[in-house]
Every structure is written in structure tokens, then in C-alpha cells.
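Just so we're clear, the structure is a prediction, and the values are computed from it rather than from any experiment.
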Amino acid sequence: VQLQASGGGLVQPGGSLRLSCAASGFTLDYYAITWFRQAPGKEREGVSCIDASDGITYYADSVKGRFTSYRDTGKNTVYLRMTSLKPEDSAVYYCATDSTTCTFYNNHDYEALDGWGQGTLVTVSS
């Protein structure tokens, strides 16, 4: 299982970005997908998880109302739409597979996540 996050970049505060999480060789529909981020000198932080069956989504308090995770089954891709970005959102963002009901995300057990690749850098700065 290997995922690839993409779509990061430099954006001004208040701006928006859409990150993509793509897989090759397997279907993302069967997996819950967690987005997490890590900024330099900081611990890994879970951002969002979309479960495998009902499309239930979970969000960290710091991004609730600003970030949206959703699937495009036809493209075998999970997206993270980020709006009203703040400088504190700057980090490398990764996507990874979780248990089908986002157990690892909800338990903050990020070491149990699987398949995360290189990540994509998001920089929010004026």
C-alpha cells in the first residue's frame, strides 16, 4: 500500500488549496484515509479522516469548518480541501490508510497509519 499526496504550495493567509491523495495498484474505497501534518520541530498532528464505508469525516478542532475531506471514486483519489488558511497551517501534509472507521486517527495513534509517502509542503505566508 503506497499513497502519494500532492497539491501543496505557497499561499497567502486566507487562501485555499486542494490536496490530493492518490493510490496505484489498489482501490482507496476500501480504506479510511487520514490526513496528518508535521511542521518543523513539532509533533505529528492528525488533521482529518474519512472512513471507508459511510463517508463519515472527522476533523481536528484547529481545522474544523475550514478543511473538507472527500472522495472521488472515479479517480481513486481522496481530496483535502483547505480554505481560510492560516500561517499555523504550514506543514508537510501526508495521507495514509487507517482502520476502516478511523480508529488510529481518533486514538491519535499515528504510528499505526500505513502507506504514507513523501508528503506535500504547504506554506501559508504573505
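- Salt bridge annotation for Asp89-Lys86: absent, with no cationic side-chain nitrogen under 4.0 angstrom from a carboxylate oxygen.
- Looking at heavy atoms from C-beta onward, Tyr79 lies in side-chain contact with Asp72 at the 4.5 angstrom threshold.
- The ring-ring contact (aromatic ring centres under 6.0 Å, His included) test applied to Tyr58 returns no partner, not counting sequence neighbours.
- Counted within 6.0 Å of CD on Gln118, heavy atoms from surrounding residues, nucleotides or ligands total 12 or fewer; the atom is thus considered open.
- Taking CG of Leu121 as the start and OG of Ser6 as the end, the distance is 13.0 Å to the nearest 0.5 Å.
- Scanning both residues, Pro13 and Ser126, for their nearest heavy atoms gives CD-N, 3.7 Å.
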Can you check side chain to side chain contact (heavy atoms under 4.5 Å, CB included) on Leu85 and Phe67, steps first, answer last? CA-CA 9 Å; Leu85 283 162; Phe67 289 14; 3.8 Å; yes

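- For the pair Leu3 and Leu28, the minimum side-chain heavy-atom distance is below 4.5 Å.
- Residues Arg81 and Ser16 approach most closely at NH2-CB, 3.9 Å, considering heavy atoms.
- Taking 4.5 Å as the limit, some side-chain heavy atom of Trp35 sits within range of a side-chain heavy atom of Ser69.
- Taking both residues in full, the closest heavy atoms of Ser62 and Glu45 are given as OG-OE2, 3.1 Å, listed atom of the first, atom of the second, then distance.
- Looking at heavy atoms from C-beta onward, Thr27 lies in side-chain contact with Asn76 at the 4.5 angstrom threshold.
- Side-chain atoms of Ser125 never come within 3.5 Å of backbone atoms of Thr123 as a donor-acceptor pair (strictly under, hydrogens ignored).
- Between Thr120 and Gly7, the shortest heavy-atom distance links the atoms OG1-N, 3.7 Å.
- Here the side chains of Asp98 and Ile33 are not in contact, with every heavy-atom distance at 4.5 Å or above.
- Ile56 CD1 to Ile50 CD1: the interatomic distance, rounded to the nearest 0.5 Å, is 10.0 Å.
- In this structure the side chain of Phe104 never reaches within 4.5 angstrom of the side chain of Thr34, judged on heavy atoms.
- Tyr59 places none of its side-chain heavy atoms less than 4.5 Å from the side chain of Val47.
- Summarising the geometry of Thr101 relative to Asn106, their closest heavy-atom pair is O-ND2, 3.9 Å, with the distance given to 0.1 Å.
- Residues satisfying the ring-ring contact (aromatic ring centres under 6.0 Å, His included) criterion with Tyr94, sequence neighbours excluded, are Phe36, Trp116.
- From Met82, atom CE reaches atom CG of Leu19 across 4.0 Å, with rounding to the nearest 0.5 Å.
- When hydrophobic clusters are built by joining Ile, Leu, Val, Met, Phe, Trp and Tyr residues whose side-chain heavy atoms come closer than 4.5 Å, directly or via intermediates, Val78 is grouped together with Phe26.
- The shortest non-hydrogen separation linking Ala52 to Ala32 is CB-N, 3.6 Å.
- The aromatic rings of Tyr110 and His108 sit perpendicular to each other, their planes meeting at more than 60°, with 30° as the lower class boundary.
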Any chance you could lay out the side chain to side chain contact (heavy atoms under 4.5 Å, CB included) test for Leu80 and Tyr93, step after step, and finish with the verdict? CA-CA 10 Å; Leu80 183 69; Tyr93 284 71; 4.3 Å; yes

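- Distance check: Arg44 CZ to Glu111 CD gives 5.0 Å after rounding to the nearest 0.5 Å.
- Separation of atoms CD (Gln4) and SG (Cys21) is listed at 8.5 Å; rounding is to 0.5 Å.
- Distance OG1/Thr100 to OH/Tyr31: 11.0 Å, rounded to 0.5 Å.
- Screening Val92, Val122, Val63 for a side-chain contact (heavy atoms from CB on, under 4.5 Å) with Arg37, the sole residue that qualifies is Val63.
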